[in-house]
Number of protein chains: 2
Amino acid sequence: MDRAIDKVRDALQARGLRLTKPRRLVAEKVLSARRHLAADDVLEMLRRDGTPVARATVYRTLEMMKECGTFDEHDFGRGRKVYERAIGRPHHDHLYCIGCGAIIEFQEPEIERLQDQVTRRYHFIAMYHSHKIFGYCRRCGPKAPSGDKAHDEPPRHQDTKND
Amino acid sequence: MDRAIDKVRDALQARGLRLTKPRRLVAEKVLSARRHLAADDVLEMLRRDGTPVARATVYRTLEMMKECGTFDEHDFGRGRKVYERAIGRPHHDHLYCIGCGAIIEFQEPEIERLQDQVTRRYHFIAMYHSHKIFGYCRRCGPKAPSGDKAHDEPPRHQDTKND
DNA sequence: TTGATACTGAGACTCAGTCTCAATACGAAC
DNA sequence: GTTCGTATTGAGACTGAGTCTCAGTATCAA
């Protein structure tokens with residue numbers, strides 16, 4: 001984690017940017033989070049910690065960290081962007097449970113290879129990609145897709161990674 | 001196209017919904033479009049045609065058509081959802097050009113197969129997925145990723161499919 | 001210490017999308 | 001055809017994530 005913040009500093013400095021106190025506070029929240037965080041989550045967490053950071057600064061910092069490659073940004077269609085640490089962990093894609101909001105990460109090198117093949121086919125230069133599979137996790141199960149109203153208000157399982 | 005509108009009607013009726021005039025007008029725009037359309041595009045096109053439909057109705061209809069499986073909805077990160085006809089055409093995914101906004105469709109059955117494998121691995125029941133590759137198309141080329149400011153205002157190629 | 005520049009915070013603003021509710025259209029029953 | 005209940009529409013207010021502006025503050029180099 002200290003290692004991670006150093007890498008964040010390096011990434012910023014490489015672009016002539018500083019790791020100021022507000023930026024560090026935002027970065028630490030995302031780096032240590034056990035789930036994907038939205039700007040509002042970070043805002044709220046810092047407020048509760050007694051170290052509030054302005055809304056604009058949080059948004060600017062998250063965007064900046066994404067540009068530097070230290071955070072990954074995802075949009076699971078809930079009308080807000082969420083972030084997770086990118087440094088020090090391998091690339092992965094996501095399964096998103098429509099029932100409970102759980103996010104499961106997966107790696108499939110063969111898909112990545114096929115993607116390269118596709119982009120070559122179209123003389124396309126890939127910069128990044130977004131591969132998400134939406135459905136129902138093991139716990140929400142096959143019953144969910146039916147008219148099961150219990151799932152309109154997604155239950156939040158304790159030990160899963162929610163957005 | 002007449003065939004298509006009939007399928008739209010059937011899909012609605014199967015859910016006890018009617019194909020009213022405003023809904024038909026919205027549906028026809030998306031069915032006949034040569035590119036992905038946002039709600040605002042549809043709104044504007046209908047206004048220009050002299051057959052205006054209320055904003056709320058357009059949004060409601062697009063959502064409804066998606067639910068019925070007649071339209072596909074995509075979000076390419078430009079802050080608005082876009083739609084394309086789904087009936088009468090095979091499933092595909094997209095390459096999105098950051099330079100000019102061009103959208104290239106691709107099909108890769110092998111990726112779909114690997115996806116199934118992934119979901120099985122996690123006991124996940126997939127309902128739909130979103131697979132997008134962002135980068136630069138043949139015309140925007142390898143020069144684009146550099147600090148080429150000419151691409152801040154994406155040029156719009158005449159014969160490509162923009163969102 | 002000074003000047004130039006980067007950064008922050010507060011709050012106004014934007015804009016896609018949603019909600020509300022009165023008015024209207026439509027299908028079924030009479 | 002008329003009536004009644006329900007589905008649908010339109011206008012415009014509202015929401016909420018994200019952006020912008022700009023004055024004030026911090027930081028760096030000289």
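Note on naming: letters A, B, ... go to the chains in the order of the sequence lines (proteins, then strands), and numbering restarts at 1 for each one. Quick caveat, the model's predicted, so the values are computed rather than measured.
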> Go through B/K7 and B/D10 one step at a time and tell me if the salt bridge (charged side-chain N to carboxylate O under 4.0 Å, His left out) criterion holds.
CA-CA 5 Å; B/K7 285 191 180 157; B/D10 293 347; over 6 Å; no
> When the distance from CG of A/D75 to C1' of D/dG18 is rounded to whole Å, what number comes out?
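Value for this atom pair: 12 Å.
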> Taking NZ, NE, NH1 and NH2 as the nitrogens, is one of them in A/E63 or A/R60 under 4.0 Å from a carboxylate oxygen of the other?
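No salt bridge links A/E63 with A/R60.
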> Should A/T20 be listed as having a side-chain N or O under 4.0 Å from OP1 or OP2 of D/dT27?
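No, no such contact exists.
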> Can you name the one residue among B/R24, B/R18, B/R23 that meets side chain to side chain contact (heavy atoms under 4.5 Å, CB included) with B/K21?
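Among the candidates, only B/R24 passes.
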> Could you tell me whether the side chain of B/K29 and the main chain of B/L43 form a donor-acceptor pair under 3.5 Å?
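No; judged by distance alone, with no hydrogens or angles, the pair does not exist.
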> Give the rounded distance in Å between these two atoms: CG of B/L19 and P of D/dA7.
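So the two atoms are 17 Å apart, to the nearest Å.
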> In whole angstrom, what separates B/R24's CZ from D/dT8's P?
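Distance, rounded to whole Å: 16 Å.
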> Taking five pairs at each end, how big is the angle between the two axes of the helix from C/dT1-D/dA30 to C/dC30-D/dG1, to 10°?
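End axes: 30° apart.
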> B/R18 CZ to D/dG5 C1': how many Å, rounded?
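That distance rounds to 11 Å.
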> Do you know which two heavy atoms are closest between A/C97 and A/Y136, and how far apart they sit?
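So the two residues come closest at SG-CA, 3.9 Å.
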> Could you tell me if A/H91 and A/E112 have a donor-acceptor pair between their side chains, going purely by distance under 3.5 Å?
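There is such a pair between these side chains.
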> Whole angstroms only, please: what is the CG-C1' distance between B/L17 and D/dT6?
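Taking CG of B/L17 and C1' of D/dT6, I get 13 Å after rounding.
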> Rounded off to whole Å, could you give me the CG-to-P distance for the B/L25 and D/dT8 pair?
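Checked: the CG to P distance equals 16 Å.
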> Do side-chain atoms of A/R15 reach the backbone of A/A11 as a donor and acceptor pair under 3.5 angstrom?
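It does hold such a pair.
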> Write down the distance between CZ (B/R47) and C1' (D/dA11), rounded to a whole number of angstrom.
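Rounded to the whole Å, the gap is 12 Å.
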> Where along residues 56-71 of chain A does a heavy atom come under 4.0 Å from DNA chain C, residue by residue in number order?
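Within this stretch, A/A56, A/T57, A/R60 sit under 4.0 Å of the strand.
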> Minimum heavy-atom separation for B/C68 and B/L12, please, with both atom names.
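Looking at all heavy atoms of both residues, the closest pair is SG-CD2, 3.8 Å.
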> B/H94 and ring pair (Phe, Tyr, Trp, His ring centres under 6.0 Å): which partner among B/H36, B/H129, B/H131?
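Between B/H94 and the candidates, ring pair (Phe, Tyr, Trp, His ring centres under 6.0 Å) is satisfied uniquely by B/H36.
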> Side chains of A/M65 and A/V8: closer than 4.5 Å at any heavy-atom pair?
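The answer is yes, as the side chains (C-beta and beyond) meet within the 4.5 Å cut-off.
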> More 5' along DNA chain C: B/K21 or B/D40, using each one's nearest nucleotide?
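Here B/D40 is the residue nearer the 5' end.
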> Go through the steps to decide whether A/D41 and A/R35 satisfy the test side-chain contact (heavy atoms from CB on, under 4.5 Å), and finish with yes or no.
CA-CA 11 Å; A/D41 296 325; A/R35 60 186 182 95; 3.9 Å; yes
> Which is the 5'-most and which the 3'-most nucleotide of DNA chain C that has an atom under 4.0 Å from a heavy atom of chain A?
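Under 4.0 Å from chain A, the extent on DNA chain C is C/dA6 to C/dG11.
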> In whole angstrom, what separates B/R15's CZ from D/dA7's P?
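Atom-to-atom, B/R15 to D/dA7, this comes out as 17 Å.
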> Tell me what B/R55 touches on the nucleic acid: a base, only sugar-phosphate, or nothing, going by heavy atoms under 4.0 Å.
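Base contact.
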